[in-house]
There are 2 protein chains.
Amino acid sequence: MTRAPASRALESTPLWLKLSSYLVLSDEEKMYLADLERTIDRVPPRTDLLQQGERYRDVRVMREGWAIRHKALPDGRRQVVNFVLPGDIIGMYCTLFESADHSVTTLTPVEVASFPPEKIGELFRSFPRLAAALAWSGAREEAIVAERLLSLGRRTALERTAHLIVELLRRLSIVNMVTDGHFVLPVTQEILADALGLSIVHINRTLRRLRDSGLIELNGQRITVNDVRQLASVGQFDELYLHLIRAPRRLERAFSGAHHHNGAKMDSEIRSKA
Amino acid sequence: MTRAPASRALESTPLWLKLSSYLVLSDEEKMYLADLERTIDRVPPRTDLLQQGERYRDVRVMREGWAIRHKALPDGRRQVVNFVLPGDIIGMYCTLFESADHSVTTLTPVEVASFPPEKIGELFRSFPRLAAALAWSGAREEAIVAERLLSLGRRTALERTAHLIVELLRRLSIVNMVTDGHFVLPVTQEILADALGLSIVHINRTLRRLRDSGLIELNGQRITVNDVRQLASVGQFDELYLHLIRAPRRLERAFSGAHHHNGAKMDSEIRSKA
DNA sequence: AGGCAGCCACAACATAGGTTAATCGGCCCG
DNA sequence: CGGGCCGATTAACCTATGTTGTGGCTGCCT
């Protein structure tokens, strides 16, 4: 792991982009975010950023590259819980738990920022809007895990696989990692199997079916989606759960609209006692 | 749905108990929480508190009874994502999303409190410690879903079932809903099947196996766990993921310890500019 | 150049779990 | 008292997916 200077500290990082879809960030908020991402490391592929069972220290922010979050059973069976992409946060709350219940492992060379857990308190105290945006993006991540649970519980192998491909296509296109229909999937079939709760052989069969039907093409790590529409329909993909819509900015409203009802009264009453 | 007076407003509610395991609440915080739980409804069994696809309004706090959070595919296949127990929050962030990606349905008569979404902004602005505790408990819930994902992906039917029973035993005992080894499971086999990604017939077979081996007993809705140890071992249950340990109070530390390093300096610099 | 390791591919066979269907008991309701 | 419905239970059968094993390709090390 090599430490690198924070060259893009004040530019727009993936995290900044993500949070911007929830609210319009002020200059101070932007600066504070930049400060959080000041300490940057580069990590090679196949390296654990976090190990199940271990006590975890720093909070990390993914800036570049791919990683997986996974859990293992004592006998070695493994489940990939989610893919970690740029802008995602690693171990935000793990630092507060006594030990991590999952591992995070890099798939590609990765650039991550880290900050000490005490910053979390600071963040909640001094930057409530940022805190809310982070909490909200945590909820979005939970929604993704819940959707994968639906896949494993109720979708067939073909549906699951199609669904995952469309999900990745959507998530990657937000961070500009898709160019017309194809993207790099730095993932072995074993990892796909572990993500979809299938055996490696069966993933192979299933990919073959998808290729034979012309919905996708695979060359090495590059996957091309020829017909998103149909692939989405095979996977019963409904993008509701990704909560991508930027327009509403409801969090903004929650912050600006609440000043003077009933609730705010209660609010100030209590604070004045403090 | 009938509205009821908030008889226990200032007593300790399940939510209060839960958050207390993360930090020591001040009087103002306790009062504010009580205020959030002021508006109380009673809801009969088999009622949707929240419907997938619907625009969601109020945030709800479960005070009494059981519910399930579930997602459905267009063709009717259904997955139960989690069980909602007293102290759990419903739709905290759904109010901020454009529409809900899951449903919540009561299993028993239920008592819920509700508050308008604007309170979320207020909460983050004025009660950062409460906000952090809520975010943290959200993370704990995600951990439960991730563990269930591991079950569906990598555990056999027998293991999954055993695992779920132990999980419920643990979660229920926190809220005093277990008396020596037995508890009420207000759940049909169909719901169990939907929670475990199995067919109803196979759940039946699996429960029979568990009964035959003497690990559990079932009479109506009452389930008795005869040998938790062995049941936990069958299910490869490791309670790490429930993050139940109350001792550490790390959140407390994150709030009290951060005042004067490096980070706090940055903090005040920025704030003075505002 | 040879050999080893990791990954993909595919065939042949095995099985966990799904499906269909029938029975039974409890409960509600007229 | 007699339906009728819902949920549990079980049997018989079926299929989606897992397992085992083989071979081939590529890249890397020596």
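Numbers restart at 1 for each chain; the letters A, B, ... are given by sequence-line order, proteins then strands.
- Under 4.0 angstrom from either OP1 or OP2 of dA12(C) there lies no side-chain N or O belonging to R205(A).
- Taking 4.5 Å as the limit, some side-chain heavy atom of L15(B) sits within range of a side-chain heavy atom of I89(B).
- Note on R160(A): every side-chain N or O is 4.0 Å or more away from OP1 and OP2 of dA16(D).
- Heavy atoms of R208(A) sit under 4.0 angstrom from primed sugar atoms or phosphate atoms, though from no base atom.
- Across the protein-nucleic acid pair, R154(B) atom CZ and dG17(C) atom P stand 13 Å apart, rounded to whole Å.
- Candidate nucleotides dT19(D), dA9(C), dA8(D) were compared by shortest atom distance to the side chain of Q189(B), and dA8(D) ranks first.
- The CD1-P distance, from I200(A) to dG21(D), rounds to 16 Å in whole Å.
- Annotation for Q79(A) and D194(A): closest pair NE2-O, 3.0 Å, computed over non-hydrogen atoms.
- One can place CG of D194(B) at 14 Å from C1' of dG7(D), the figure rounded to the nearest angstrom.
- Within 4.0 Å of R77(B), counting heavy atoms only, lies no atom of the nucleic acid at all.
- Going from atom NE2 of H202(A) over to atom C1' of dT15(D) covers 11 Å, rounded to whole Å.
- Within 4.0 Å (heavy atoms only), G197(A) reaches sugar-phosphate atoms of the nucleic acid but no base atom.
- Distances shorter than 4.0 Å separate none of the side-chain N or O atoms of N204(A) from OP1 or OP2 on dC8(C).
- Backbone-only engagement by T188(A) is indicated by non-hydrogen atom pairs under 4.0 Å involving sugar-phosphate atoms exclusively.
- When the nucleotides dC8(C), dT9(D), dT19(C) are ranked by their closest atom to the side chain of V201(B), dT19(C) comes out on top.
- Atom CG of L192(A) and atom C1' of dC7(C) are 13 Å apart (whole Å).
- R78(B) places its CZ atom 18 Å from the C1' atom of dG18(C), with the value rounded to the nearest Å.
- The aromatic rings of H163(A) and F237(A) lie tilted to each other, with the angle between the two planes from 30° to 60°.
- For I191(A) and dC7(C), the CD1 to P distance is 8 Å, given to the nearest whole Å.
- L198(B) comes within 4.0 angstrom of the backbone, heavy atoms only, and of no base.
- Aromatic ring orientation, H243(B) versus F97(A): parallel (interplanar angle below 30°, classes split at 30° and 60°).
- Per the geometry, CG belonging to L207(A) stands 11 Å off C1' belonging to dC8(C), to the nearest Å.
- Checking side-chain atoms of Q230(B) against main-chain N and O of D227(B) turns up no donor-acceptor pair under 3.5 Å.
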